Amino acid sequence: LMSKRDDDSADGVQPTDGKDPTQDLLDRIAFGEGADPAKLKAQEKHGIGTTQYDMVYNYGDTLAPSKPVSEMTMEELYDFQTDLINATKGTVPGTNLGTSAVGKYQVIRKSLFGSGTADKPAKNSWADKLNLKADTVYTPELQEKIAMLALKEAGYESFIRGDKTEKAFHDRIANIWASVAKASGKDTYGQGVHTLKADLEPMYELLKPVKTENTNRDTSPRPMLRPDEEEE
């Protein structure tokens, strides 16, 4: 589970260009999580960066970090997330727990480190799977890599092969990001829905396999690999 989410995240549809449907999908999810340039300007007064990669709960009004989160090491991030949980207990809709959501994709401490720490992340946590060290920096590039890992855990590769239905893939995404409603429209965590299945369907359509005239399946246009990714 990634994100027991917080505030009044952005509404509206972020435009997509269709050239990289996977990135468009992630960007639209992030937009619903609050990565809206207009709202991120609220962080300016705290001096903590105004990029989507520096987004923190309530745009820093509840608790501002000592520096932009995209410049933090895993150790610094873990400490800030712990402080954020304590500062937000009882204030997050849908839960009595606090939130530790940070960055473009509002990653929470439990998903990143499991029950472990920055020095010793729990087995199968994202930090463990990506081999992150205590001094690894939470850069924009790393945040994108984490988001792609989350998408794969939701069944991305099965979906683009045609082995997972669109509804099943979407519902797994809704389990990871609290701002995304289930296919049924249900608000999984009671924290407010800002992305419906209909908002993501244009990207799903580009990602799902298509049938050719000879009945062999070709995959739809695939995203270009970033330099730090390897073909699987």
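Predicted, not measured: the structure shown is a model, and the values here were computed from it. Position 1 is the first residue of the sequence, and the numbers go up from there.
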Kindly state each residue pair satisfying salt bridge (Lys or Arg N to Asp or Glu O under 4.0 Å) with at least one member in [range], sequence neighbours excluded.
{"range": "residues 46-63", "result": "Lys45-Asp61"}
{"range": "residues 86-106", "result": "Asp27-Lys104, Lys104-Glu144"}
{"range": "residues 129-140", "result": "Lys129-Glu153"}

So do [Y] and [X] actually touch side chain to side chain, heavy atoms under 4.5 Å?
{"X": "Glu205", "Y": "Pro202", "result": "no"}
{"X": "Tyr59", "Y": "Lys41", "result": "no"}
{"X": "Leu200", "Y": "Ile29", "result": "yes"}
{"X": "Val56", "Y": "Pro65", "result": "yes"}
{"X": "Thr88", "Y": "Asn58", "result": "no"}
{"X": "Phe31", "Y": "His194", "result": "no"}
{"X": "Leu130", "Y": "Ile146", "result": "yes"}
{"X": "Val92", "Y": "Tyr57", "result": "yes"}

Look at the side-chain heavy atoms of Ile, Leu, Val, Met, Phe, Trp and Tyr, link any pair under 4.5 Å apart, and say whether Tyr53 and Met55 land in one connected group.
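No; tracing contacts between hydrophobic side chains, which count when under 4.5 Å, never links both residues.
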
Mind checking whether Met74 and Ile85 sit in one hydrophobic cluster, side chains of I, L, V, M, F, W, Y counted as touching below 4.5 Å?
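In one cluster: no.
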
Give a yes or no on whether the backbone of [Y] and the side-chain of [X] come within a donor-acceptor separation of less than 3.5 Å.
{"X": "Gln43", "Y": "Gly49", "answer": "yes"}
{"X": "Ser100", "Y": "Ile108", "answer": "no"}
{"X": "Asp128", "Y": "Asn124", "answer": "yes"}

Can you list the residues that meet the side chain to side chain donor-acceptor pair (under 3.5 Å) rule with Thr117, with sequence neighbours excluded?
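Thr117: no side chain to side chain donor-acceptor pair (under 3.5 Å) contacts found.
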
Test side chain to side chain contact (heavy atoms under 4.5 Å, CB included) on Glu33 and Tyr105 and set out the steps.
CA-CA 7 Å; Glu33 286 283 310; Tyr105 297 102; over 6 Å; no

Could I get the full list of salt bridge (charged side-chain N to carboxylate O under 4.0 Å, His left out) partners for [X], not counting sequence neighbours?
{"X": "Glu76", "answer": "Lys67"}
{"X": "Asp83", "answer": "none"}
{"X": "Lys167", "answer": "Asp171"}
{"X": "Lys164", "answer": "none"}

What residues, two or more places apart in sequence or in another chain, satisfy ring pair (Phe, Tyr, Trp, His ring centres under 6.0 Å) together with Tyr138?
none

Sorted by chain and number, sequence neighbours left out, ring pair (Phe, Tyr, Trp, His ring centres under 6.0 Å) with Phe80 holds for none

Results of side-chain contact (heavy atoms from CB on, under 4.5 Å) for Lys186 - residues two or more places apart only
Lys182, Ser184

Which residues pass the side-chain contact (heavy atoms from CB on, under 4.5 Å) test with Glu201, not counting sequence neighbours?
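With neighbours one apart ignored, the set is Glu166, Lys197, Ala198, Tyr204.
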
With no hydrogens and no angle check, just 3.5 Å: does a side-chain donor-acceptor pair link Glu44 and Thr50?
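No, no side-chain donor-acceptor pair sits under 3.5 Å.
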
